[in-house]
Number of protein chains: 2
Amino acid sequence: MTAGSAERIHAALIARISEGRLQPGAALAETALAEEFGVSRTPVREALQRLARDGLAERGPRRAFALKTPDPAEMAGLFEAVGEIEGAIAALAARRMTEIERAALAGLLEEEREADPAAYSALNLRVHAAIRAGARSPVLARTLEALELQTLPWRAMNFARDAGRQARSRSEHRAIAAAIRAGDPDAARLAMQAHVAGAFLAATRPLSE
Amino acid sequence: MTAGSAERIHAALIARISEGRLQPGAALAETALAEEFGVSRTPVREALQRLARDGLAERGPRRAFALKTPDPAEMAGLFEAVGEIEGAIAALAARRMTEIERAALAGLLEEEREADPAAYSALNLRVHAAIRAGARSPVLARTLEALELQTLPWRAMNFARDAGRQARSRSEHRAIAAAIRAGDPDAARLAMQAHVAGAFLAATRPLSE
DNA sequence: TGATGTCAACCTGTATACATATGCCGCGAA
DNA sequence: TTCGCGGCATATGTATACAGGTTGACATCA
């Protein structure tokens with residue numbers, strides 16, 4: 001019992017989407033994928049069902065799976081929801097973080113100030129992870145993760161980043177951290193929502209900024 | 001090609017959970033379910049995978065599926081997340097509902113005032129549906145639905161309702177609607193969060209109130 | 001009597017076979 | 001030339017067969 005083919009294929013497909021190696025709307029035929037991965041259709045079916053559950057694939061007219069095409073309007077709704085949930089997380093963090101956690105968050109921002117562009121992305125993730133941890137809500141954290149996964153094809157299409165965005169992102173982080181440190185949930189929520197909106201706009205208009 | 005066995009079985013299992021006919025922790029053996037539903041293991045597998053994705057089942061030590069046991073702490077976290085998301089929905093509704101929608105919501109509350117206990121439950125659903133529709137966020141609506149589904153075993157365990165809860169629920173609805181009508185997102189959010197918390201407490205302590 | 005080793009039954013993971021429906025392609029007629 | 005129809009190829013839905021492993025019981029020995 002190898003026990004894990006489906007999971008492996010699921011991860012492989014997500015990686016392909018992330019790298020842009022799967023075009024939006026691409027057909028995901030069970031037979032072809034089974035042959036390609038050297039397994040039978042059964043684990044492929046499970047992987048595709050999981051992908052559909054993740055919101056990354058949908059069933060076509062012939063019940064066949066196809067990669068979801070990122071609809072701009074739907075993506076805007078997705079980012080809005082991400083902003084609301086991450087805002088709620090920030091508000092909870094402002095209420096619940098311990099002094100040590102607040103200090104650790106401040107420390108992360110110090111690191112961030114002198115980080116080169118290559119290291120910035122990883123630090124950005126750590127900042128958000130620290131806030132998630134401080135919110136004490138595994139349910140909201142899981143929900144956020146699921147929604148962010150659905151933004152993956154969009155991010156894969158718009159990977160262009162302008163240099164100015166990074167500076168603004170840092171400044172937004174500081175505003176969030178300041179509100180959290182001050183224990184102001186409403187300000188933390190608003191700052192986080194502005195941050196997510198800024199990231200969305202940067203991803204949406206990579207050329208015009 | 002019948003095309004839908006898995007969906008039927010999935011729905012049947014959810015119905016059983018909802019009716020309390022499946023004990024928490026109950027083993028969900030593929031073979032037994034396949035024989036019971038008169039199908040093969042394949043659609044049963046798909047139904048169980050969907051159930052696990054819904055957060056209603058989890059895999060045991062032998063990779064077998066078992067009904068998730070409702071953990072009080074986890075349920076509290078779940079209701080908190082529901083409160084945050086439904087609060088966000090209420091805040092968005094306060095900003096976005098048209099005048100006609102606000103009037104319709106007020107009309108629902110009028111109906112609610114003179115509803116007998118039997119009709120109240122359906123009206124309660126309509127109130128929340130009206131607010132969801134006014135929020136213009138299908139993503140948050142879907143997310144909320146997914147989380148509420150996970151509270152199902154908990155609600156199945158604690159179906160006791162006291163008469164006082166219904167009166168308080170009506171009053172909470174009025175507070176939410178008033179904030180929405182006034183276009184006050186923050187007040188709408190807080191009122192909705194208080195409403196969800198009240199429902200959770202009523203479900204948690206059905207005897208002590 | 002208790003402990004341990006072995007065996008058998010069962011359950012999941014995977015592969016494959018079969019049924020069925022759909023889309024495509026070619027052919028014929030208007 | 002174009003429209004319509006029929007057959008074929010193929011893909012999914014479902015069923016069943018096979019493989020690997022774990023659990024549990026039962027028998028045997030100290």
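Below, chains carry the letters A, B, ... as their sequence lines are ordered, and counting in each starts from 1. Remember, predicted model here, so these are calculated numbers, not experimental data.
Annotation: side chain to side chain contact (heavy atoms under 4.5 Å, CB included) contacts of A141(A) (sequence neighbours excluded): R132(A).
In this structure, R59(B) does not reach the dC11(C) phosphate: none of its side-chain N or O atoms is under 4.0 Å from OP1 or OP2. Between dT14(D) and S5(B), a contact under 4.0 Å exists linking OP1 or OP2 to a side-chain N or O.
Between D54(A) and I14(A) the shortest side-chain heavy-atom distance falls below 4.5 Å.
A parallel orientation is assigned to the rings of Y120(B) and H173(B), their planes being inclined by less than 30° (bins at 30° and 60°).
With 3.5 Å as the limit, one finds a donor-acceptor pair spanning the side chains of H128(A) and E86(A).
Here dT12(C) presents its P atom at 18 Å from CD of E7(A), a figure rounded to the nearest Å. Rounded to whole Å, the distance from CZ on R45(B) to C1' on dA15(D) is 14 Å.
Near DNA chain D, meaning a heavy atom under 4.0 Å away, the residues from residues 27-41 of chain B are V39(B), S40(B), R41(B).
Residues R41(B) and E30(B) are paired through a salt bridge, judged by an N-O separation under 4.0 Å between the basic side chain and the carboxylate.
Both tests hold for R59(B) against F65(B): distance to the six-membered ring centre under 6.0 Å, angle to the ring axis within 45°.
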